Protein chains: 2
Amino acid sequence: MKLKEFAKQVGLSPTTVSRALSGYPEVSETTRARVAEAAVRLGYSPNVNAVRLKTGRAGAIGVVMGRAGEFHFAEFMAGMAERLVAEETDILVIPMADPNQEDEMQLYRRLVESRRVDAIIVHSPKPNDERIALLHELGMPFLVHGRSAIDVPHAWLDIDNETAIKRATSHLIDLGHRRIAMINGRPGATYALHRDSGFRKALQSHGIEPDPQMMASGNFTDELGFRFARSFLEQPNPPTAFVAGSMMTALGVYRAARSLGLQIGRDVSVIAHDDVFPYLTADNMVPSLSATRSSMRAAGTRCADLVLQLLSGRSPLEIHELWPVELILRESTGPARQSTS
Amino acid sequence: MKLKEFAKQVGLSPTTVSRALSGYPEVSETTRARVAEAAVRLGYSPNVNAVRLKTGRAGAIGVVMGRAGEFHFAEFMAGMAERLVAEETDILVIPMADPNQEDEMQLYRRLVESRRVDAIIVHSPKPNDERIALLHELGMPFLVHGRSAIDVPHAWLDIDNETAIKRATSHLIDLGHRRIAMINGRPGATYALHRDSGFRKALQSHGIEPDPQMMASGNFTDELGFRFARSFLEQPNPPTAFVAGSMMTALGVYRAARSLGLQIGRDVSVIAHDDVFPYLTADNMVPSLSATRSSMRAAGTRCADLVLQLLSGRSPLEIHELWPVELILRESTGPARQSTS
DNA sequence: TCTAAAATTGAAAACGGTTTGGCTATTTGT
DNA sequence: ACAAATAGCCAAACCGTTTTCAATTTTAGA
């Protein structure tokens with residue numbers, strides 16, 4: 001059913017019908033009601049592609065998905081979905097071919113030029129992120145999930161990784177731990193740098209020298225958690241506590257400790273960052289996992305909200321949100337045992 | 001840069017330029033080359049919305065995302081992305097408001113009518129799935145990931161859940177287990193029914209009566225895995241083996257067994273279904289987890305491929321793929337211990 | 001009651017491409 | 001050498017809306 005045909009059925013011009021449905025003020029209330037009723041009855045809905053062509057709006061916000069198949073991703077998108085379901089906006093997932101730098105820029109450029117999305121959400125930015133510079137230059141509205149130090153105005157939402165990890169680390173120090181290992185995320189990303197910084201600051205303020213032998217970084221997988229933890233624990237002077245980057249990493253750390261006969265919370269303490277997944281909860285681990293916690297889903301919802309604000313004209317300069325992170329202490333952290341050496 | 005302007009620059013008519021870029025045969029090779037070069041040089045690319053309006057193609061395939069934030073989802077999409085990155089097609093994620101039946105139908109109906117997608121992938125169908133009937137009725141191309149018994153022609157790709165679970169269960173029986181618990185997925189979905197069926201058939205062919213006290217189903221979370229396993233193990237006549245629906249469920253089962261001082265692989269055997277996640281691998285668990293395995297990512301890639309075939313005219317009736325599932329035995333399964341009763 | 005202003009409605013021009021049908025030059029076949 | 005076929009290109013119609021601008025009807029003011 002096309003507008004023209006529908007308009008004829010209702011006995012009005014396409015113009016008026018269009019206005020009635022789009023809620024313009026210059027159409028009488030009675031007419032609007034009549035049109036609305038007829039639309040439902042006859043099952044008319046405007047052709048999206050025509051609307052988009054005419055208005056220039058794409059009705060979608062874009063998210064570029066890397067190859068790594070991050071488990072955070074689904075949760076973030078579920079959050080976005082929660083907000084977007086009420087709007088006439090959907091999520092466009094753009095597959096990224098290779099982690100190749102140049103290709104990625106090309107991808108963003110094409111994405112912008114193709115006008116398939118009204119805005120883009122950029123994930124895990126680096127301090128000097130080319131994508132941000134590019135999007136700004138191209139005039140595409142975008143929001144950064146995470147932070148960048150780049151000297152280009154942009155909207156962002158981030159969690160306070162530095163403070164979170166600083167508090168977590170300080171807490172371990174307060175418990176008497178002096179040899180603390182750190183398993184961080186992908187090197188290069190700002191969030192990893194912030195966590196590193198929080199970690200170092202906590203140590204420093206207690207006069208402890210960070211030991212590069214006990215600091216590692218990589219993808220958030222149980223495998224890496226295990227490998228790193230295991231290798232650290234097998235060192236001559238092993239750590240008594242771990243700060244882990246994710247729930248999966250924590251699973252690996254638990255496994256490593258167990259495999260060496262160490263009891264978590266007594267022989268070794270662990271704090272991890274928890275993005276709050278419905279399928280894997282820190283509280284349920286054995287022993288329950290102390291964690292810095294911030295809901296990925298909530299972030300997705302809020303990011304969607306902010307993007308919508310951006311699209312309705314709010315300045316990117318006003319959109320900066322730094323979310324505090326909870327520190328939830330459970331059984332995986334305990335006082336440091338006396339050194340046996 | 002618009003077509004008209006670009007055509008003028010190249011010194012050709014819009015018609016010829018359009019044809020040259022779209023690869024129509026009635027344009028000479030030299031002209032085509034010239035146009036292609038100029039397009040790159042001048043940075044011309046057709047307005048997607050105009051193309052879509054004219055051709056009626058949306059250039060996207062739709063996936064409806066439920067609220068549950070399934071962790072499989074991201075992996076499946078990553079797989080799709082692998083295939084789609086080469087095409088001019090992207091993934092449209094449609095947020096689903098409520099798990100409300102009527103609303104979901106309404107959502108699909110609107111999605112089809114809005115012409116935002118060229119095809120839809122339907123997940124976790126039920127034996128008599130209304131969505132399939134609806135999409136068929138509306139004439140929207142779609143592919144079902146999973147299976148349905150509904151009497152409507154449709155393309156599908158599924159893994160052989162029944163055989164997988166049957167083999168897994170049979171293997172446990174061969175090891176001497178007689179009391180085997182089953183923790184299945186969301187009731188209602190065909191895959192869960194197939195698994196149930198495989199489970200029962202294995203028992204039956206060995207003359208074992210399934211015990212409803214040791215069968216449960218629900219979301220794939222570690223929490224439910226733990227709860228069910230724990231309650232089963234605390235029964236007067238506890239199971240000696242578990243068939244678990246997912247990796248997360250298995251984590252919960254491991255936890256439950258440990259919490260009761262039972263050793264996995266010796267006191268209790270566990271087999272789970274593994275969708276192959278990069279961040280949580282069965283091989284790395286302690287003890288390593290025996291599993292029925294099938295790559296979710298590969299399924300995503302193949303589904304994308306099949307949808308593209310569907311769109312280029314292949315009949316849905318020809319598209320039926322049933323993938324075999326590997327059974328990988330590791331340390332979590334072992335011979336049943338003699339009953340202590 | 002009559003006119004100016006306000007409230008409604010419509011006709012037609014975009015939006016930016018693709019594609020039908022027609023029109024010239026070339027080839028090709030005999 | 002000539003008719004028929006083929007290549008290569010273009011003008012114009014069309015896809016289904018939104019929106020400008022103008023026309024018409026009501027309402028308000030004097």
Side-chain angles (χ1 to χ4, degrees), chain A residues 1-39 42-60 88-89 110 112-118 311-312, chain B residues 1-39 42-60 88-89 110-118 311:
Chain A
M1 165 94 53
K2 311 178 182 185
L3 173 58
K4 216 164 156 183
E5 188 186 341
F6 174 61
K8 194 169 291 176
Q9 298 261 345
V10 194
L12 285 168
S13 75
T15 310
T16 308
V17 169
S18 171
R19 281 186 177 131
L21 292 176
S22 309
Y24 277 57
E26 56 261 86
V27 56
S28 79
E29 227 16 87
T30 48
T31 313
R32 185 193 310 290
R34 188 154 58 95
V35 173
E37 179 275 327
L42 301 174
Y44 168 75
S45 73
N47 179 310
V48 172
N49 292 325
V51 174
R52 288 181 181 171
L53 170 58
K54 184 58 193 176
T55 62
R57 245 168 273 133
E88 289 274 294
T89 307
R110 275 214 315 272
V112 170
E113 276 162 3
S114 73
R115 296 179 194 75
R116 282 175 300 173
V117 297
D118 295 320
L311 288 177
S312 60
Chain B
M1 165 92 55
K2 312 180 181 185
L3 173 58
K4 217 164 158 183
E5 188 186 343
F6 174 62
K8 195 169 291 177
Q9 297 262 347
V10 194
L12 284 169
S13 75
T15 308
T16 308
V17 169
S18 171
R19 283 191 174 129
L21 291 176
S22 309
Y24 276 57
E26 54 259 272
V27 56
S28 79
E29 226 19 86
T30 49
T31 314
R32 184 195 310 291
R34 188 155 58 94
V35 172
E37 179 275 329
L42 300 174
Y44 168 76
S45 72
N47 180 309
V48 172
N49 293 325
V51 173
R52 289 179 180 172
L53 170 58
K54 182 57 194 180
T55 62
R57 245 169 273 132
E88 289 272 296
T89 306
R110 275 215 314 273
L111 176 57
V112 170
E113 275 162 6
S114 74
R115 295 180 196 73
R116 282 175 300 174
V117 297
D118 295 321
L311 288 177

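The basis for the numbers below is simple: all heavy atoms, side chains too, and nothing from hydrogens, waters or symmetry mates. All values derive from a computational prediction rather than experimental measurement.
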Practice task
Take atom CG of B:L53 and atom P of C:dG16, then tell me their distance rounded to the nearest Å.
Solution key: 12 Å
Practice task
Locate the shortest heavy-atom distance separating A:V10 from A:R34; write the atom from each residue and the value.
Solution key: O-NH1, 3.0 Å
Practice task
Establish, with yes or no, whether the OP1 or OP2 oxygen of D:dT17 is under 4.0 angstrom from a side-chain nitrogen or oxygen of A:Y44.
Solution key: yes
Exercise for the section: State whether A:S18 places a side-chain N or O below 4.0 Å from either non-bridging phosphate oxygen (OP1 or OP2) of D:dT18. Expected result: yes
Problem - side-chain N/O A:Y24 vs D:dT18 OP1/OP2, d < 4.0 Å - result: no
Completion exercise
Nearest-nucleotide check on DNA chain D, A:R57 vs B:T31; residue mapping nearer the 5' end is B:T31
Completion exercise
Atom CZ of B:F6 and atom C1' of C:dG16 are separated, to the nearest Å, by 14 Å
Problem - Proximal nucleotide (of D:dT18, C:dA11, C:dT18) relative to the A:S13 side chain - result: C:dA11
Handout entry: Nucleotide nearest B:V51 when distance is taken to its side chain, options C:dG17, D:dC15, C:dA14
Key = C:dG17
Completion exercise
A:L3 CG to C:dA13 P, in whole Å, measures 17 Å
Exercise for the section: Would you kindly check whether a donor in the side chain of A:R32 faces an acceptor in the base of C:dT9, or vice versa, at under 3.5 angstrom? Expected result: no
Exercise for the section: State whether B:T55 places a side-chain N or O below 4.0 Å from either non-bridging phosphate oxygen (OP1 or OP2) of D:dC15. Expected result: no
Exercise for the section: Look at B:T16 and D:dC10 and indicate whether a side-chain polar atom (N or O) is within less than 4.0 Å of OP1 or OP2. Expected result: yes
Exercise for the section: Round to a whole Å and report the spacing from NZ of A:K54 to C1' of D:dT20. Expected result: 9 Å
Exercise for the section: Compare every heavy atom of B:L311 with every heavy atom of B:D118, then report the nearest pair and how far apart it is. Expected result: O-CD2, 3.5 Å
Practice task
Verify side-chain contact (heavy atoms from CB on, under 4.5 Å) between B:N49 and B:L53, making sure each step is shown before the conclusion.
Solution key: CA-CA 6 Å; B:N49 293 325; B:L53 170 58; over 6 Å; no
Practice task
Mark yes when over 12 heavy atoms from residues, nucleotides or ligands other than B:R57 sit less than 6.0 Å from its CZ; otherwise mark no.
Solution key: no
Exercise for the section: Inspect the contact between B:R32 and B:E29 and indicate whether a charged nitrogen and a carboxylate oxygen are less than 4.0 angstrom apart. Expected result: yes
Practice task
Ignoring hydrogens and angles, answer whether the base of C:dT19 and the side-chain atoms of B:T15 contain a donor-acceptor pair closer than 3.5 Å.
Solution key: yes
Exercise for the section: Provide, to the nearest angstrom, the distance between the CD atom belonging to B:E26 and the P atom belonging to C:dT24. Expected result: 19 Å
Exercise for the section: May I ask you to verify whether the side chain of A:R19 and the base of D:dT20 hold a donor-acceptor pair under 3.5 Å? Expected result: yes
Completion exercise
Atom CG of B:N47 and atom P of C:dC15 are separated, to the nearest Å, by 11 Å
Problem - Atom-pair distance (CE on A:M1; P on D:dT17), nearest Å - result: 11 Å
Practice task
Quickly work out the A:K2 NZ to D:dT18 C1' distance and round it to whole Å.
Solution key: 17 Å
Handout entry: Nucleotide nearest A:S28 when distance is taken to its side chain, options C:dG17, C:dT8, C:dC15
Key = C:dT8
